[in-house]
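Here is the structure we will look at, set down as structure tokens.
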Amino acid sequence: MTSATGPAAMSSASTRAPSRRASLGQRIWTQRADYLYVLPALVVMLIVIAYPVYYTIELSFFKTPTSLQLKDKIFVGLENYTTILTSGSFWQVTWQTLIWTFFSTLFAFLLGLGAALALHGEFVGRGVLRALLLIPWVVSAVAASYVWKWLYHSDFGAIGALLVQLGLTDQPINFIDNRSTALASLIVVNVWKEFSFAMIMLMAGLQTVPEQLLRAARVDGASPWQRFWHVTFPHLAGVSTVTVLLLTVQNFNSFIIPWIMTGGGPAGASDIWITQIYQLAFGRQRWGVAAAYSVLLFLIMMVLGYFYVRALTRGDDARAGA
Amino acid sequence: MAQVVLKDVVKNYGSVYAVNHVSLTVNDGEFVALVGPSGCGKTTTLNLIAGLIPISDGTIVIGEREVTRLDPKDRDIAMVFQNYALYPNKTVFNNLAFPLQMRKQPRETIEEKVKAAAKVLDITHLLERKPRELSGGQQQRVALGRALVRDPAVFLMDEPLSNLDAKLRVQMRSEIKRFHHNLNATVVYVTHDQLEAVTMADKMAVMNGGFLQQYDTPAQVFANPVNTFVASFVGSPAMSLIPLQVVTHGTDVALQSAEGWELPLSPENARKALSAKGKDVVLGARHSTLKLHKAPHPGAVPGRVYTVEPTGDVTFAQVFIAEAVVNISVEPTVMLDPDEQVWIEFDQSRLHLFDGETTMALSAR
Ligand SMILES: Nc1ncnc2c1ncn2[C@@H]1O[C@H](COP(=O)(O)OP(=O)(O)OP(=O)(O)O)[C@@H](O)[C@H]1O
Ligand SMILES: [Mg+2]
């Protein structure tokens, strides 16, 4: 805790509870045992998280020509940031990242919701179906990416062959080697991979919908759809928010599927932020620019993280306030 | 408003019979309380009337229509649930409006009816609040209001007061009673609190183990319980039951305890006792009909004080008589000690006799 936040925290605490006049230092001292318990975890976090974050931020202000060693980097101020923001590809990649994140999240959520609702009722084979629908989530992303790459393959792919057989196309479609279909094809794989996560979350949420509310709605004359809309869905609002935020963060950060399946290609058509950063850093050794990119990504993640924590704790606040 | 008729209604889950051949008629405008211990099938019966669970057998008529297979929304009923079941994300206004919106009523009508219901229940100032911003009593009123707006043929209420504290319960009790009176509504009211039933209902239906035990006015159920179950369920403290044996000495009939004392019976009670299937008879008596003596008294039987509970106005004593626990009320001035020997006098005109085998009340015929 720095000295700057100390008084601020104090004053807000004292306006709410005048009785708690003890200084921050005193309060930490009285709770020293608690701090001691979290200390080991804190130290580990500092080493594995805080230091890399700090180093990335530092690096983002330096140039690292390949002719020099990394330790001889040259300070360039904000040049890396201006380079990124003024490059044409940045806006294209950002646009693609937004499309990727938005549609992956949207369809994974909707599909997960549909699956959760379908699995909520009692029917024969429900357990088996649930297990089947969970497979995408438990399969390794790397393995899944290779499998889908083959499914999409223009010459040997099963999907292309199926479409030809059904008479929908004359020739197998070039799904991932085509600028106009690459990103969409990746989104399909991504949705397939993660909709079961949304399904699990929403299934858990569905089990907590109070039976009496649904009964009340039935007596009040609501149709099944109206019961869903007026009772079930509002009840799922909290878990839906959390699910959507988690999916958004995850999709914004996805790497395995796009990297393995297209590597961002063809010609950058399926590049997203992460693949771009990876290429800049490990492909072209432009560490400074990659670091600056990472810092921007970090800031966006912080904003999403803020909303995530707020969504998670909102219920607690309401309960504590009541 | 309308009558409700249950005919041979059965609900079973496999071999578990939650409701077992229950038949009863709730007349138009009547307030009927369904009472019984936990798990006796009260909620199930109510849900069957509402149509919330499929019926196994029997028929249900509401008004002039048979509704046995109809959807809840087509039965013209409104229901108040135990934990109110208010829609948490809707304001009080929208909670009240919901049943009307679902029935596609015009906006102005809805507004008018909601305002009217809110006024009756004195919740007009709460209309813009969310349920979680209300107290238990206010939520209860909103739940009543949601049932009220639609002007249904029958009100079904499942333990609507059980989540309230004792004081509020008494207050809401009289409010519901007045509400019933003003609307002249047909009400089926589930409660496990027999006092609620006695104080509110025109008739009470006592259930046990899925069976309807007795269906009559509270006064009748109180005065003439049909079996030992009803006798011990209605009244607070409950009627005391003492298992005894019938003995005859010529024309005189008495009840004999295992300890050997005998209680001579009046001619009418003697005829009742003799109509029992066997020798086993259960003697029932309410606390207020018993007289406690500190010294031996003609016609009184011996007992031993177990506990003494002064409540201010009266003192309740529990006394062991022939190994049964008997409740007696005495003047607060009477001092009793645990294990003290006392003598109990029965009022022959107000005691009850039940068949020891069948548990049914015995009649003189
Ligand atoms: N879905 C079900 N499956 C199996 N048994 C059930 C089911 N619902 C209720 N029962 C059984 O039916 C019986 C009656 O239940 P019901 O809920 O009507 O009791 P109740 O009289 O309302 O009790 P309480 O006062 O505790 O609410 C109970 O023995 C219960 O276990
Ligand atoms: Mg119940």
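In the text below, chain A, chain B and the rest are named by the order of the sequence lines, each starting its count at 1.
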**Study point:** Phe228(A) atom CZ, over 12 foreign heavy atoms within 6.0 Å
**Key:** yes

Point to revise | Heavy atoms of other groups near Arg32(A) CZ, more than 12 under 6.0 Å | key: yes

Check your understanding: Taking all non-hydrogen atoms of both residues, which atom of Gln82(B) and which atom of Gln212(A) are closest, and how far apart?
Key -> N-OE1, 3.9 Å

Check your understanding: Should the heavy atoms of other residues, nucleotides or ligands under 6.0 Å from CZ of Phe298(A) be counted, would the total exceed 12?
Key -> no

Revision key, fill the gap. Closest heavy-atom pair, Arg146(B) versus Ala216(A), reported as atoms and distance to 0.1 Å, is NH2-CB, 3.6 Å

Check your understanding: Which atom pair, heavy atoms only, marks the closest approach of Val219(A) to Ile77(B)?
Key -> CG1-O, 3.8 Å

Practice item. With a 4.5 angstrom heavy-atom cut-off, could you sort out which part of Leu86(B) is near chain A: side chain, backbone, both or neither? Key: backbone

Study note, to complete from the structure: CZ of Phe81(B) to CD of Glu211(A), rounded to nearest 0.5 Å, is 9.5 Å

Check your understanding: If you measure from CZ on Arg218(A) to CG on Asp71(B), what distance do you get to the nearest 0.5 Å?
Key -> 6.0 Å

Check your understanding: More than 12 heavy atoms of other residues, nucleotides or ligands under 6.0 Å from CD of Glu64(B): is that the case?
Key -> no

Exercise for review: For each of Ala237(A), Pro210(A), Ser223(A), Pro234(A), tally heavy-atom pairs with chain B at distances under 4.5 Å, and name the one with the top tally.
Suggested key: Pro234(A)

Practice item. Answer yes or no: does atom CD of Glu112(B) have more than 12 heavy-atom neighbours from other residues, nucleotides or ligands under 6.0 Å? Key: no

Study note, to complete from the structure: Okay, Arg75(B) and chain A: the region with an atom under 4.5 Å from a heavy atom over there is neither

Exercise for review: Measure the spacing between CG of Asp220(A) and CD of Gln101(B) and express it to the nearest 0.5 Å.
Suggested key: 10.0 Å

Practice item. Show the numbers, then the answer: is there a side chain to side chain contact (heavy atoms under 4.5 Å, CB included) between Phe98(B) and His230(A)? Key: CA-CA 9 Å; Phe98(B) 190 69; His230(A) 289 281; 3.4 Å; yes

**Study point:** Best-contacting candidate, Pro99(B), Ala147(B), Pro72(B), against chain A by heavy atom pairs under 4.5 angstrom
**Key:** Pro99(B)

Exercise for review: Any chance you could measure Arg215(A), atom CZ, to Met79(B), atom CE, to the nearest 0.5 Å?
Suggested key: 7.5 Å

**Study point:** Heavy atoms from other residues, nucleotides or ligands near NZ of Lys7(B) exceed 12 (cutoff 6.0 Å)
**Key:** no

Point to revise | Which atoms of Asn47(B) approach chain A - backbone, side chain, both or neither, heavy atom under 4.5 Å | key: side chain

Check your understanding: Counting heavy atoms not belonging to Phe123(A), are there more than 12 under 6.0 Å from its CZ?
Key -> yes

